[in-house]
Visitor: 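One structure coming up, written as structure tokens, with questions to follow.
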Amino acid sequence: MTCVICHDSIFAAQQAEASGARGPRTRAAALSCGHVFHKRCIDRWFDTSAQTVCPTCQNVHTGTVLTLYIDYDETEALRSAEDRTTAEEAAEEDEAELRELRATVRELVEKLSHTTDMARETIQVATAERRVHNERLYELEERDEEIARLESELSESQEENEWLGSEIGRLERQAKGHLGNIRGLQRKVGEQRARIDELEEFDSEWLQSEVDRLEQLAASHSNISGMNQKIRDQAAQISDLEYDNNEMCRVSDAHRVHIKSLQSALKSHKNMLNEYGRYNSSDSGCGYY
């Protein structure tokens with residue numbers, strides 16, 4: 001039996017009293033309700049409480065506290081029987097609790113095993129998905145790099161096309177100016193050729209008569225010399241005009257070749273831009289994940 005106030009065994013206190021040990025809690029005491037405590041514990045309980053209430057049943061105690069004198073041998077027998085009963089009950093409770101714990105542990109082990117298998121499968125699936133995701137991400141990074149490279153090439157091509165357009169415009173304007181000069185030179189050459197044709201129309205008879213006339217005018221040698229110099233000057237001018245005409249024709253041919261090469265380069269860049277547009281349209285159809 002245990003004192004509910006100090007939680008020590010009352011029989012152990014009686015054994016100590018029988019062995020000659022005396023102390024503040026060695027004697028037992030009973031209240032009017034029949035509950036037993038240590039004498040010193042119940043006296044202190046009443047001293048500190050406003051009412052004389054039993055700590056166990058909460059009934060008001062009337063009368064005096066009875067001191068109990070219990071024989072040790074009887075107490076020991078009661079205590080042994082009580083201890084055996086308590087031990088057997090405790091053993092049965094422990095056995096039942098042990099069975100419940102074993103069942104609980106078995107169930108937890110099964111659940112843990114199932115959870116572990118599911119976690120392992122989940123990890124494997126997640127690892128495979130992560131591998132596929134990393135491969136897809138690597139492909140997307142490569143495609144992004146390729147798109148960035150193509151965009152850079154496109155930007156460079158656009159700049160080059162702009163430069164080619166301005167260069168073609170400049171060359172066209174320059175070619176128009178050269179064509180104007182060529183036309184002017186061609187008109188001059190045509191005029192000189194007309195003059196030459198006019199001079200060639202003179203027949204030999206007129207030339208002979210002219211020579212005879214000039215021979216008759218041998219006295220005026222200075223006039224003949226001046227005419228000869230004029231003829232030489234006209235021949236030299238005609239030669240210079242023919243050289244200028246040939247030079248302008250060569251420059252015009254060179255400009256035509258250069259314009260054709262620029263047009264071919266512009267056509268190749270347009271083809272490149274069309275190819276890049278088809279590549280972008282094919283990429284936009286595949287989608288990203």
Visitor: Under 4.5 Å between any side-chain heavy atoms of T127 and V125, yes or no?
Guide: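 Not touching, per the 4.5 Å side-chain cut-off.
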Visitor: If you measure from the Lys or Arg side-chain nitrogens to the Asp or Glu carboxylate oxygens, is any gap between E107 and K111 under 4.0 Å?
Guide: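 Yes, charged N to carboxylate O under 4.0 Å.
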Visitor: So how far is it from C3 SG to W45 CH2, rounded to the nearest 0.5 Å?
Guide: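 These two atoms lie 10.0 Å from each other.
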Visitor: Write down the atom of C33, the atom of H35, and the distance for their closest heavy-atom approach.
Guide: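 Smallest interatomic distance, heavy atoms only, reads SG-ND1, 3.2 Å.
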Visitor: Quick test of your reading of the model: are R250 and E247 salt-bridged, counting only N-O distances below 4.0 Å?
Guide: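 Between E247 and R250 there is a salt bridge, with a charged N closer than 4.0 Å to a carboxylate O.
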Visitor: Given the rule that I, L, V, M, F, W and Y join up when any side-chain heavy atoms are under 4.5 Å apart, are I147 and Y138 in one cluster?
Guide: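 No.
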Visitor: Is the closest side-chain heavy-atom distance between E110 and R106 below 4.5 Å?
Guide: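 E110 vs R106: side chains touch.
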Visitor: Taking atom types as modelled, is there a side-chain donor on Q174 or R170 under 3.5 Å from an acceptor on the other?
Guide: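 Side chains of Q174 and R170: pair found under 3.5 Å.
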Visitor: Report the distance from atom OG1 of T48 to atom CZ of R44, rounding to the nearest 0.5 Å.
Guide: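 It is 8.5 Å, given to the nearest 0.5 Å.
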Visitor: What's the separation between atom CG in L31 and atom CD1 in I42, rounded to the nearest 0.5 Å?
Guide: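 Here the interatomic distance stands at 4.5 Å.
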Visitor: Are any of the side-chain heavy atoms of L108 and T104 separated by less than 4.5 Å?
Guide: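 L108 vs T104: side chains touch.
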Visitor: Please name the residue in the list E151, E153, E159 that meets the side-chain contact (heavy atoms from CB on, under 4.5 Å) test with S155.
Guide: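 Of E151, E153, E159, side-chain contact (heavy atoms from CB on, under 4.5 Å) with S155 is met by E159 alone.
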Visitor: To the nearest 0.5 Å, how far apart are CG in L266 and CD in E160?
Guide: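 Rounded to the nearest 0.5 Å, the CG-CD separation comes out at 10.0 Å.
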Visitor: State, with a plain yes or no, whether a side-chain heavy atom of E129 is found less than 4.5 Å away from one of V132.
Guide: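 The answer is no, as the side chains (C-beta and beyond) never meet within the 4.5 Å cut-off.
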Visitor: Regarding E95 and R99, does a basic nitrogen lie under 4.0 Å from an acidic carboxylate oxygen?
Guide: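 Yes.
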Visitor: Given side chains that start at C-beta, do those of V60 and C54 come closer than 4.5 Å, heavy atoms only?
Guide: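 Of all side-chain heavy-atom pairs linking C54 with V60, none is under 4.5 Å.
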Visitor: Please round to the nearest 0.5 Å and tell me the distance separating atom CD of E162 and atom CD of E167.
Guide: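 If I round to the nearest 0.5 Å, the distance is 14.0 Å.
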Visitor: Any non-hydrogen side-chain atom of I5 less than 4.5 Å from a side-chain atom of H38?
Guide: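 In short, these two side chains do not touch, never coming nearer than 4.5 Å.
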Visitor: Between V65 and F37, is there a side-chain heavy-atom distance shorter than 4.5 Å?
Guide: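 No, side chains not in contact.
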Visitor: For the pair E191 and R187, evaluate salt bridge (charged side-chain N to carboxylate O under 4.0 Å, His left out) and give the outcome as yes or no after the intermediate values.
Guide: CA-CA 6 Å; E191 291 175 357; R187 286 195 299 273; over 6 Å; no
Visitor: Could you tell me the separation between the OG1 atom of T115 and the CZ atom of R120, rounded to the nearest 0.5 Å?
Guide: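 Rounded to the nearest 0.5 Å, the OG1-CZ separation comes out at 11.5 Å.
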Visitor: We want to know whether S32 and H61 form a side-chain donor-acceptor pair, criterion being a heavy-atom distance below 3.5 angstrom.
Guide: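 Distance-only check passes for S32 and H61.
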